[in-house]
There are 2 protein chains.
Amino acid sequence: MRPGAHRPSVPLEHRHVIRRIPQARERGIPDATVARLPLYLRALNGLAERGTPTVSSEDLALAAGVNSAKLRKDLSHLGSYGTRGVGYDVQYLIYQISRELGLTQDWAVAIVGVGNLGRALANYGGFVSRGFRVAGLLDADPEVVGDRIAGLVVEHTDELESVITERGVSIVVIATPATAAQHVCDRVIAAGVTSILNFAPVVLAVPDGVDVRKVDLSIELQILAFHEQRKASGGPIMAEEWPDGVVM
Amino acid sequence: MRPGAHRPSVPLEHRHVIRRIPQARERGIPDATVARLPLYLRALNGLAERGTPTVSSEDLALAAGVNSAKLRKDLSHLGSYGTRGVGYDVQYLIYQISRELGLTQDWAVAIVGVGNLGRALANYGGFVSRGFRVAGLLDADPEVVGDRIAGLVVEHTDELESVITERGVSIVVIATPATAAQHVCDRVIAAGVTSILNFAPVVLAVPDGVDVRKVDLSIELQILAFHEQRKASGGPIMAEEWPDGVVM
DNA sequence: GTGCCTTTGTGAAGCCATGCACAAAGTGAG
DNA sequence: CTCACTTTGTGCATGGCTTCACAAAGGCAC
């Protein structure tokens with residue numbers, strides 16, 4: 001099924017460590033920190049484009065929309081990459097964060113489900129921009145198969161396993177209807193994929209060792225509605241009753 | 001322009017309660033809980049469709065992909081809506097959660113930016129399904145203005161303020177390119193909107209009292225890449241060096 | 001070198017969320 | 001009515017994340 005597959009990153013064992021090992025990296029980086037690193041990276045890229053050589057935690061935090069103490073602690077988990085009295089070297093920090101996130105290597109991504117959302121994703125510049133390459137677009141609808149989108153030809157989901165195996169796909173994006181998502185999920189896992197980004201509004205059941213991240217548009221809206229209601233109604237407590245005639 | 005706008009959560013003093021006060025609701029519901037309520041709601045709707053009358057915390061937690069103790073604690077923040085020895089009445093709980101989230105009312109949403117993503121959002125069934133109604137589609141590109149998408153005609157962003165005001169839009173979805181996002185953001189806030197769902201890859205600067213939720217596809221991918229890299233390399237410590245020739 | 005200024009990196013405290021474990025509350029059988 | 005069983009609601013302990021506040025470290029001027 002894919003002998004040496006998903007080992008996207010070359011096993012860079014033996015690679016001598018040059019300078020001192022930054023203490024903090026010994027054991028895992030907190031999830032909360034990992035989730036913010038891409039944010040810092042984006043802010044840093046903005047600074048780099050404008051030619052800024054160094055940046056203080058204060059300024060970078062401002063650009064990333066976080067508190068500067070949190071930023072410093074986050075960065076301290078990667079190692080000690082700043083210079084007191086000066087700040088952080090922008091280029092250097094970009095490199096360190098990119099490496100930590102695994103963006104210095106090339107990730108092949110397959111998108112399953114080429115509806116409106118799948119198309120949007122395929123065309124989304126942010127994918128290509130940083131280490132990610134769309135290596136396959138798949139759909140179950142014969143009507144869609146064969147279409148050319150963002151330079152790729154849509155293939156039939158029958159090809160799912162072979163696309164994953166042959167092109168070294170290690171991350172799969174599921175943008176199918178909810179009903180198809182679990183089935184697709186099972187198949188890609190069977191094919192060896194352990195990282196899934198799910199846009200379908202279902203909770204995917206996966207075995208241990210498989211990472212699923214979920215993006216759910218309607219959930220985000222509902223959370224906004226909750227807060228908006230709070231603001232609008234002047235307070236949470238309104239009526240407690242259950243409409244007339246209802247049992248319970 | 002909505003005079004009393006952004007005044008986040010108003011002091012909810014004096015407000016008479018009808019039946020007994022569900023203790024826990026007196027003060028705000030934890031954000032973490034709010035973020036999970038839509039999940040429970042979806043699971044409950046699935047059960048309701050299959051005609052299930054009641055459900056235990058164990059079963060509902062399973063369907064929602066969380067731990068049952070957490071589910072019970074979350075629900076306890078809304079009030080005491082279960083029956084010991086039996087479980088929760090599905091219909092009743094759906095109503096209570098919907099009400100808490102503000103989904104028993106109708107929310108007018110405007111989508112700004114009708115590119116691939118905006119189209120996908122406009123066609124996304126999940127919007128309409130639950131209290132949300134797309135009341136406007138706007139784009140700056142004259143080429144796109146006039147197109148009919150999901151039953152609506154795309155309008156020019158010049159109309160932004162009037163669309164918001166006249167149609168009572170209270171939630172705006174920004175799906176523009178990154179460069180336009182802040183400008184759109186400023187305008188919708190000036191027009192009185194205090195809830196924004198941002199798909200553009202930028203950190204929006206907003207005044208206090210405005211809620212911004214951010215959905216960022218590339219960030220999700222980067223987080224996946226991080227974990228995938230970890231799995232693949234068998235451990236966190238690899239190389240520490242900075243490519244030759246680089247200072248610092 | 002010395003002294004001053006800036007900014008990092010981190011100890012410590014506080015806060016919030018998670019999950020266990022169990023008493024309380026309800027059902028249903030006999 | 002009583003008893004056995006189920007399931008909720010929650011007190012409590014644990015752990016992780018955030019924030020404060022400051023000592024340590026480096027740059028710069030002289």
Side-chain angles (χ1 to χ4, degrees), chain A residues 19-37 39-40 44 47 52-90 92-93 96-97 100 223 247-248, chain B residues 20-37 39-40 43-44 47 52-90 92-93 96-97 100 223 247-248:
Chain A
R19 309 199 202 300
R20 74 276 129 122
I21 308 177
Q23 291 282 48
R25 255 189 88 223
E26 283 171 6
R27 282 291 153 206
I29 298 172
D31 286 347
T33 295
V34 172
R36 281 186 296 264
L37 290 180
L39 224 59
Y40 303 153
L44 284 164
L47 291 167
T52 316
T54 63
V55 66
S56 70
S57 63
E58 199 71 46
D59 291 349
L60 183 53
L62 191 70
V66 303
N67 155 320
S68 71
K70 180 148 57 178
L71 171 75
R72 285 199 300 277
K73 183 146 287 190
D74 282 343
L75 294 183
S76 79
H77 287 124
L78 309 188
S80 197
Y81 295 139
T83 306
R84 295 173 194 230
V86 176
Y88 299 89
D89 181 283
V90 172
Y92 185 60
L93 197 51
Q96 290 299 345
I97 295 179
E100 194 66 53
I223 296 173
V247 263
M248 163 101 200
Chain B
R20 76 274 127 125
I21 310 178
Q23 289 284 47
R25 256 187 90 224
E26 283 171 6
R27 285 287 157 208
I29 299 173
D31 285 348
T33 295
V34 172
R36 282 185 296 264
L37 290 180
L39 225 60
Y40 304 153
L44 284 164
L47 292 167
T52 315
T54 64
V55 64
S56 70
S57 64
E58 198 71 48
D59 292 349
L60 183 53
L62 191 70
V66 303
N67 156 321
S68 71
K70 181 151 54 181
L71 171 72
R72 287 198 298 279
K73 185 149 291 193
D74 282 343
L75 294 183
S76 79
H77 286 123
L78 309 189
S80 197
Y81 296 140
T83 305
R84 294 172 194 228
V86 176
Y88 299 89
D89 180 283
V90 172
Y92 185 59
L93 196 51
Q96 290 299 345
I97 294 179
E100 195 64 52
I223 296 172
V247 262
M248 168 135 193

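Computation of the quantities below employed the complete heavy-atom set of this structure, encompassing side-chain atoms and omitting hydrogens, waters and symmetry-equivalent molecules. Proteins get letters first, then strands, A, B, ... in listed order; numbering begins at 1 in each.
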### B/D89 and B/T83, any side-chain heavy atoms less than 4.5 Å apart
no
### Query
What's the NE2-P distance between B/H77 and D/dT10, to the nearest Å?
9 Å
### Message
For C/dT6 and A/Y88 - does any side-chain N or O of the residue sit under 4.0 Å from the phosphate oxygens OP1/OP2?
### Response
no
### Summary
Letter by letter from the 5' end, nucleotides 22-30 of chain C scores (B base, S sugar-phosphate only, - none; protein heavy atoms under 4.0 Å) --BBSS---
Polar atom pairs (N or O), protein with nucleotides 12-17 of chain C, under 3.5 Å:
residue	atom	partner	partner atom	Å
C/dA12	N6	A/K73	NZ	3.1

## Note on the structure
Closest heavy-atom pair, B/S57 versus B/Y88, reported as atoms and distance to 0.1 Å, is CB-CE1, 4.0 Å
### Summary
Taken to the nearest 0.5 Å, the spacing of B/Y40 OH from B/L60 CG works out to 8.0 Å
#### Entry: Nearest heavy atoms of B/L93 and B/L75, plus distance in Å
CD2-CD1, 3.9 Å
### Query
Which residues pass the side chain to side chain contact (heavy atoms under 4.5 Å, CB included) test with B/P30, sequence neighbours left out?
B/T33, B/H77
What N/O pairs connect the protein and nucleotides 1-4 of chain D at under 3.5 Å? Give each pair on its own line.
none

### Query
Among all residues two or more places apart in sequence or in another chain, which pass the salt bridge (charged side-chain N to carboxylate O under 4.0 Å, His left out) test with A/R36?
A/D74
## Note on the structure
Sorted by chain and residue number, the side-chain hydrogen bond (donor to acceptor under 3.5 Å, both in side chains) partners of A/S56 (sequence neighbours excluded) come out as none
Just distance, no hydrogens or angles: give the donor-acceptor pairs under 3.5 Å from side chains in residues 63-70 of chain B, sequence neighbours left out.
residue	atom	partner	partner atom	Å
B/N67	OD1	B/A69	N	2.6
B/N67	OD1	B/K70	N	3.1

### Message
Between A/Y81 and C/dT7, is there a contact of a side-chain N or O with OP1 or OP2 at under 4.0 Å?
### Response
no
### Residue-level proximity of residues 54-67 of chain A to DNA chain D when a heavy atom falls under 4.0 Å
A/N67
### Query
When rounded to the nearest 0.5 angstrom, what is the spacing between CD in B/E100 and CD1 in B/I97?
9.0 Å
### Task
Any salt bridge (charged side-chain N to carboxylate O under 4.0 Å, His left out) involving residues 57-69 of chain B? Give me the pairs, sequence neighbours left out, ordered by first then second residue.
none
## Note on the structure
note: A/D74, atom CG; D/dG16, atom P; distance rounded to Å ~ 16 Å
### Task
Report the residues that fulfil side chain to side chain contact (heavy atoms under 4.5 Å, CB included) with B/L62, sequence neighbours left out, ordered by chain and then residue number.
none
